[in-house]
Undergrad: 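One structure follows; several queries about it will come next.
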Protein chains: 2
Amino acid sequence: MESIVSKVLDKIDLQILDILQKQVQISNIEMAKRVNLSPPATHARIKRLEQEGFINQQVAILNQEKLGFDLLCFIFMSTNIHQEEQIKVVEKALKTMPEVLECHCLTGEYDYLLKVIIKERKELELFIRKLNKLGITRIQTSLALREIKCSTILPICEGSISN
Amino acid sequence: MESIVSKVLDKIDLQILDILQKQVQISNIEMAKRVNLSPPATHARIKRLEQEGFINQQVAILNQEKLGFDLLCFIFMSTNIHQEEQIKVVEKALKTMPEVLECHCLTGEYDYLLKVIIKERKELELFIRKLNKLGITRIQTSLALREIKCSTILPICEGSISN
DNA sequence: ATAGAAAAGTGAATTTTATTCGGTAAAGAA
DNA sequence: TTCTTTACCGAATAAAATTCACTTTTCTAT
């Protein structure tokens, strides 16, 4: 049984995506060499992959430490509100806050998990105060002490699934 | 009191970094227009920022859903091992696993938080089995039900801190 | 303040890369 | 098989990156 993906994407497409997700600034000429196609053919494929939505964004990941962000926090929280409208307000507020890098709805003990980047301790207090104002009942904050791994690379290549 | 950052980076540098972290594929000519500098001057600044390590990586963020990754999981775990050597082995193993996008050492109830991307339910069981083999004592898995926000953008611009 | 040195910027020229285009080969449907 | 569609190639063109000689600005030390 073939997966859904291979009906749309062939091996070269996956190869291109895998290179781009690691090194988006590669030149089209170098990419063409790696996938054994002519530059125009390679270029057309990349444009098609963008068009069809396989690439969400193309970004530079900046160095948090060098830019003065000392605290990475994971915040687990639950709300006491259960009206659809109020939840939307809270979520919209979270989306707007630039310190909030990620926000996910989770199964388990808490409703939400936030990933929050903060320059210094004082700002953390201000941030948590902002959360309280939104009607969050339970908040548990964990600081990231050490980063073991932080990647955006999806395991889309055959050989890359470990055992 | 000026922050540490502004001793090294001026406003134009921050502007460049902010544009790059949102849109890394912008042309140098367009970047030059936006920051009101000539293309060579802009280019030299970007190269300097790369050299000095302000940019960690330049990547394409792929669409998880379209590539068949149905499950995003957050896994909280603790080890019963406290010997330096054994911890290194576990962390190295986690770093190698392509399903593990992130791994952080945390304060609080659990030692580690993992962000794990999985295609389907069956693979999740296999993955958790792999964790058990590493000597992890406590594991709590939460599934991400809905993504409210998922960004890599650091709030480095003056106006971008919300109140 | 001011002269000298160092750093950063500019515009034109060059090199490299992206992109377009006409023609060809391969793949799929009738 | 024949027709149609799709994808590919190589050459030509357009656009962008990069280099370079020169100028302006900024900083330092007198």
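Naming: A, B, ... by sequence-line order, numbering from 1 per chain.
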Undergrad: Could you state the CD-C1' distance from A/Gln25 to D/dA16, rounded to the nearest angstrom?
TA: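 After rounding, the gap between these two atoms is 13 Å.
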
Undergrad: By side chain to side chain donor-acceptor pair (under 3.5 Å), which residues pair with A/Gln15, not counting sequence neighbours?
TA: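 Side chain to side chain donor-acceptor pair (under 3.5 Å) list for A/Gln15, sorted by chain: empty.
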
Undergrad: Please list, for nucleotides 15-18 of chain C, all pairs of protein and nucleotide N/O atoms separated by less than 3.5 Å.
TA:
from	atom 1	to	atom 2	distance (Å)
C/dA18	OP1	A/Asn28	N	2.7
C/dA18	OP2	A/Asn28	N	3.1
C/dA18	OP2	A/Ile29	N	3.1

Undergrad: Please give, in whole Å, the distance from D/dC8 P to A/Ile46 CD1?
TA: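 The answer, rounded to whole Å, is 12 Å.
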
Undergrad: Side chain to side chain donor-acceptor pair (under 3.5 Å): which pairs involve residues 53-64 of chain B, sequence neighbours left out?
TA: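 Found A/Gln25-B/Gln58, A/Asn56-B/Asn63, A/Asn63-B/Asn56, B/Glu50-B/Gln58.
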
Undergrad: Go through the structure and list residues passing ring-ring contact (aromatic ring centres under 6.0 Å, His included) with A/Phe127, not counting sequence neighbours.
TA: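 Partners of A/Phe127 under the ring-ring contact (aromatic ring centres under 6.0 Å, His included) test: none.
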
Undergrad: Indicate for each nucleotide in nucleotides 8-14 of chain C, in 5' to 3' sequence, whether protein heavy atoms under 4.0 Å reach the base (B), only the sugar-phosphate (S), or nothing (-).
TA: -SBB---

Undergrad: Would the distance check show the side chain of A/Lys66 and the main-chain N or O of B/Glu52 forming a donor-acceptor pair, the cut-off being under 3.5 Å?
TA: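 Present.
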
Undergrad: For B/Asp13, is there an ion pair with B/Arg45 - N to carboxylate O distance below 4.0 angstrom?
TA: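 Yes.
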
Undergrad: State plainly whether the residues A/Glu102 and B/Lys115 are in salt-bridge range, i.e. N to O under 4.0 Å.
TA: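 Yes, A/Glu102 and B/Lys115 are salt-bridged.
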
Undergrad: To the nearest 0.5 Å, what is the distance between OG1 (B/Thr107) and CG (A/Leu143)?
TA: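 Answer for the OG1-CG pair, B/Thr107 versus A/Leu143, is 4.5 Å.
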
Undergrad: Could you write out each protein N or O paired with an N or O of nucleotides 26-29 of chain C at a distance under 3.5 Å?
TA:
none

Undergrad: Under 4.0 Å between a Lys/Arg side-chain N and an Asp/Glu carboxylate O for A/Glu99 and A/Lys130?
TA: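 Answer for the salt bridge query: yes.
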
Undergrad: Quick one: do B/Glu125 and B/Arg121 make a salt bridge, cutoff under 4.0 Å?
TA: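 Not counted as a salt bridge, because no side-chain N and carboxylate O are separated by less than 4.0 Å.
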
Undergrad: With ring pair (Phe, Tyr, Trp, His ring centres under 6.0 Å) as the test, would you mind laying out the steps for B/Tyr110 and A/Phe74 before giving the verdict?
TA: CA-CA 12 Å; B/Tyr110 288 91; A/Phe74 289 92; over 10 Å; no

